[in-house]
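These numbers come from a predicted model, not from an experiment. Letters A, B, ... mirror the listed sequences (proteins, then strands); counts begin at 1.
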Protein chains: 2
Amino acid sequence: MTIKEVCEKYNITADTLRYYERVGVIPPVTRTAGGIRDYRDQDIDWVENAICFRDAGMPVEMLIEYVKLFQEGDTTIDARANLLKEARETILEARKKYDIALEKLDYKIGRYEIAQKTGILSWDDCDDSGAKRKKHQ
Amino acid sequence: MTIKEVCEKYNITADTLRYYERVGVIPPVTRTAGGIRDYRDQDIDWVENAICFRDAGMPVEMLIEYVKLFQEGDTTIDARANLLKEARETILEARKKYDIALEKLDYKIGRYEIAQKTGILSWDDCDDSGAKRKKHQ
DNA sequence: CCTTGACCTGGAGTCAACTCCAAGTTGTAG
DNA sequence: CTACAACTTGGAGTTGACTCCAGGTCAAGG
């Protein structure tokens, strides 16, 4: 698979793919005799994983660390497992924040909808604060 | 509440709080006669919201837009409601990616744990690719 | 063989979101 | 009234993650 095809498959730029390889977010990609990247199944899996974990907010630095350990071989199994567990916690934490934001958003959107339907607006309906505080007064 | 107290409450730096105010992520904060920030309940609510939505990956740009609309008054109710709904979709999309990453991670961690328990390691157990492809061969 | 378009590399540039700094002001304790 | 810590501003610097570019190479069509 050419770099272009991988770009289209994952909707990502060639520059980003080359960058990932250059800094070690993915291991070196298979090349043709002429030195042109020829993404094979395994290369594509690394790309897919990289994109997946980047999309979940994992820093490039951590992906590099994982690839580095992977390339060092079987002696790094424990370290890799720990890295993944740490990543799991990080992502769970982050997702919790998304849930909190969604809750807040749903509450606000609800208030806006009431305001829109009734045509009645007040600080309490559309402010970022009043309503909530009023409740436990 | 002083800037320091707000920093401690939300575990954020004073520079970030001033930056948020400067660029309009939050409206101007109440000041003392001498010009020192005195965060009142409403100011704190804006801070809390800003942090919450930033934590959910909302760009500063969008928070600025919301505050701008809010300051323009009741005529922007619809625009604000739309902004919030758009934000909701964005956050839902992002959270989906977190779920996918978590699924992938759990699968990998599971494989690593088996490898660690049995002491048997193979490409299939610890690689980022082989196992998955093997399944549907 | 020659052109033309996709690909290559190393390095510089950009962007969002802070983060740091210098030079000056405020406010409290002694 | 004087230290001195905590605050202020405007502006410059940093960081992470790309993104762009110049100058050169590869490969398929004519």
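A straight line from CZ of A/R54 to P of D/dT19 spans 10 Å, rounded to a whole angstrom. Rounded to whole Å, atom C1' of C/dA17 lies 12 Å from atom CG of B/L63. Protein atom CD1 of B/I3 is 15 Å distant from nucleotide atom C1' of D/dA5, rounded to whole Å. When the C1' atom of C/dT9 is taken as reference, atom CZ of A/R31 falls 9 Å away, rounded to whole Å. Between the C1' atom of D/dC18 and the CG atom of A/D55 lies a distance of 14 Å, rounded to the nearest Å. Distance CD1 (B/I51) to C1' (C/dA17): 14 Å, rounded to an integer number of Å.
Comment: B/D38 does not engage B/R31 in a salt bridge, judged by the lack of any side-chain N to carboxylate O separation of less than 4.0 angstrom. A salt bridge links B/K104 and A/E48; the closest N-O separation between the charged side-chain nitrogens and carboxylate oxygens is under 4.0 Å. Between B/K108 and B/E113, none of the side-chain N atoms (NZ, or NE/NH1/NH2) sits under 4.0 Å from a carboxylate O, so this pair counts as no salt bridge. Ion pairing between A/D15 and A/R18 holds under the 4.0 Å rule for side-chain N and carboxylate O. With salt bridges taken as basic N to acidic carboxylate O contacts below 4.0 Å, one links B/E21 and B/R37.
Annotation: B/E103, atom CD; neighbour count of heavy atoms from other residues, nucleotides and ligands within 6.0 Å does not exceed 12. For A/E8, the CD atom sits in a packed shell: over 12 heavy atoms of surrounding residues, nucleotides or ligands are nearer than 6.0 Å.
Taking the ring centroids of A/Y39 and A/W46, they lie at or beyond the 6.0 Å cut-off.
If you find the closest nucleotide of DNA chain C to B/V60 and to A/D38, the one lying nearer the 5' end belongs to A/D38.
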Under 4.0 Å protein heavy-atom contact, by nucleotide of nucleotides 22-30 of chain C - B base, S sugar-phosphate only
----SS---

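The stretch residues 4-25 of chain A touches DNA chain C through A/K4, A/R18, A/R22, each having a heavy atom under 4.0 angstrom from the strand.
The ring pair (Phe, Tyr, Trp, His ring centres under 6.0 Å) search around B/Y20 returns none, not counting sequence neighbours.
Look at B/R37 and you'll find a side-chain N or O under 4.0 angstrom from OP1 or OP2 of D/dT8.
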